[in-house]
Number of protein chains: 2
Amino acid sequence: MFDQCLYFNTTSLARQLEREWTLAFKPYGLTPSQAFMLRVILAKAPIAYTNLAAELNITKATCSRTVEGLCKLNMVKRVQADADARSFELVPTTAARSIHEQLDESSAKVTRKIKKIIGEQQFNSVVSTLRSISTSIS
Amino acid sequence: MFDQCLYFNTTSLARQLEREWTLAFKPYGLTPSQAFMLRVILAKAPIAYTNLAAELNITKATCSRTVEGLCKLNMVKRVQADADARSFELVPTTAARSIHEQLDESSAKVTRKIKKIIGEQQFNSVVSTLRSISTSIS
DNA sequence: CCTAAAAATTTGCATAGCTAACTAAATGGA
DNA sequence: TCCATTTAGTTAGCTATGCAAATTTTTAGG
């Protein structure tokens with residue numbers, strides 16, 4: 001019924017992709033949200049909540065809770081920032097660093113699979129359009 | 001960091017679109033999930049849970065809860081199906097029927113706005129690609 | 001110095017989604 | 001007919017996310 005609806009098709013595909021990436025990160029005991037956040041922290045540590053939230057395009061509240069989860073899993077440590085006592089910096093633990101490449105590779109694997117199915121060109125085109133819609137309406 | 005990632009860009013756009021459609025349906029006291037479900041019921045009543053879930057691409061569990069919400073809002077009534085004692089048919093109330101066109105129009109309005117921003121051609125192309133990815137990987 | 005405004009996080013409350021386990025009814029053989 | 005299987009829907013428990021309000025710590029002005 002909603003074949004032409006951007007909202008419907010985007011949210012619906014998002015749910016399916018959630019399933020794919022859930023499987024990809026399951027071996028590491030991480031959900032997609034946790035894994036993507038950890039990948040940012042691994043790449044950009046030390047990073048503050050505000051920047052992390054911006055990078056992931058989520059609210060600070062959601063960011064706060066996901067960080068909490070990663071801390072409990074011993075993947076991330078909160079360090080008081082020097083400059084500003086209101087702020088924390090997030091750094092990966094050794095455990096996190098040891099799976100850095102595997103996390104990136106697990107995600108890349110799913111990407112390759114989907115690229116293979118729909119074709120590299122269509123893949124790139126749709127991703128870039130999604131990004132452009134996102135930017136346009138924000 | 002995830003500019004080329006299908007998962008990231010799809011889920012991220014999904015959250016933004018959620019905000020747009022939330023505003024669109026707010027005047028009717030409905031969330032996007034409720035409004036889309038109600039639109040299906042309005043168009044296809046009487047309809048059973050299983051078909052409704054399939055149409056919306058959600059699980060039966062989610063479907064069950066959303067229906068519950070619509071019943072509480074007096075938008076939908078559950079009717080015991082004649083043929084099968086396990087099954088219910090969902091029908092819209094008079095209140096729901098009275099806003100049928102407005103719901104469709106509210107959604108169409110957001111669609112027109114986004115089409116105007118990104119161009120009709122790109123809009124149609126991305127929607128059809130989303131659908132094709134969805135079908136391919138399911 | 002002290003007070004008010006601003007910034008960073010957290011917490012409370014709510015929705016939506018999923019999986020898995022469960023109840024009840026229908027169906028299909030033997 | 002009776003039992004095993006399938007089907008319809010519900011319920012419980014978990015994650016993700018958002019908004020709004022509360023908290024803590026700075027920073028700015030008098």
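The sequence lines fix the lettering, A, B, ..., with proteins before strands; numbering per chain opens at 1.
- Spacing between atom CZ of B:Phe25 and atom P of C:dA16 amounts to 12 Å, rounded to whole angstrom units.
- In this structure, A:Gln16 places its CD atom 12 Å from P of C:dT19, rounding to the nearest Å.
- Between A:Arg19 atom CZ and C:dT19 atom C1' the separation is 11 Å, expressed in whole Å.
- Here the nucleotide nearest the side chain of A:Arg78, chosen from C:dG17, C:dA26, C:dT10, is C:dT10.
- In summary, of the residues considered (A:Arg15, A:Arg112, A:Lys26, A:Lys113), a salt bridge (charged side-chain N to carboxylate O under 4.0 Å, His left out) with A:Glu20 occurs for A:Lys113 alone.
- Distances shown here put every side-chain N or O of B:Thr62 at or beyond 4.0 Å from the OP1 or OP2 atom of C:dA16.
- Counting non-hydrogen atoms under 4.0 angstrom, A:Thr50 reaches the backbone sugars and phosphates but no base.
- Put simply, CG on A:Asn57 is 13 Å from C1' on D:dG18, counting in whole angstrom units.
- Under the 4.0 Å criterion applied to side-chain N and carboxylate O atoms, B:Glu89 and B:Arg78 are not assigned as salt-bridge partners.
- Contact annotation: the side chain of B:Leu30 approaches that of B:Leu103 to within less than 4.5 Å [non-hydrogen atoms, C-beta and beyond].
- Look at CD on A:Glu89: it is 10 Å from P on C:dT9, rounded to the nearest Å.
- Regarding B:Phe8, its CZ atom lies at a distance of 15 Å from the P atom of D:dA16, rounded to whole Å.
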* Hey, mind stepping through B:Tyr7 and A:Phe36 against ring pair (Phe, Tyr, Trp, His ring centres under 6.0 Å) and telling me if it holds? -> CA-CA 10 Å; B:Tyr7 170 85; A:Phe36 274 80; 4.9 Å; yes
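- Spacing between atom CZ of A:Phe36 and atom P of D:dT17 amounts to 11 Å, rounded to whole angstrom units.
- Side chain of B:Ser33, nearest nucleotide from C:dG17, C:dT15, C:dA25: C:dG17.
- Side-chain atoms of B:Arg15 and base atoms of D:dA16 include no donor and acceptor less than 3.5 Å apart.
- For C:dT10, the OP1/OP2 oxygens have a side-chain nitrogen or oxygen of A:Tyr49 closer than 4.0 Å.
- If you check every strand for non-hydrogen atoms under 4.0 Å, B:Ala85 touches sugar and phosphate atoms only.
- Atom P of nucleotide D:dA16 and atom CD1 of B:Ile58 are separated by 20 Å, given to the nearest angstrom.
- A donor-acceptor contact under 3.5 angstrom links the side-chain atoms of A:Arg65 to the base of D:dG18.
- Take the nearest nucleotide of DNA chain C for A:Glu68 and for B:Lys60: the residue whose nucleotide is more 5' is A:Glu68.
- Looking at heavy-atom distances under 4.0 Å, B:Thr59 makes contact with a base.
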* Apply side chain to side chain donor-acceptor pair (under 3.5 Å) to the pair B:Thr93 and B:Asn74, showing each step before the final yes or no. => CA-CA 7 Å; B:Thr93 61; B:Asn74 266 304; over 6 Å; no
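- Minimum atom distance to the side chain of B:Arg86 is reached by D:dT7, of the listed C:dA16, D:dT7, D:dT10.
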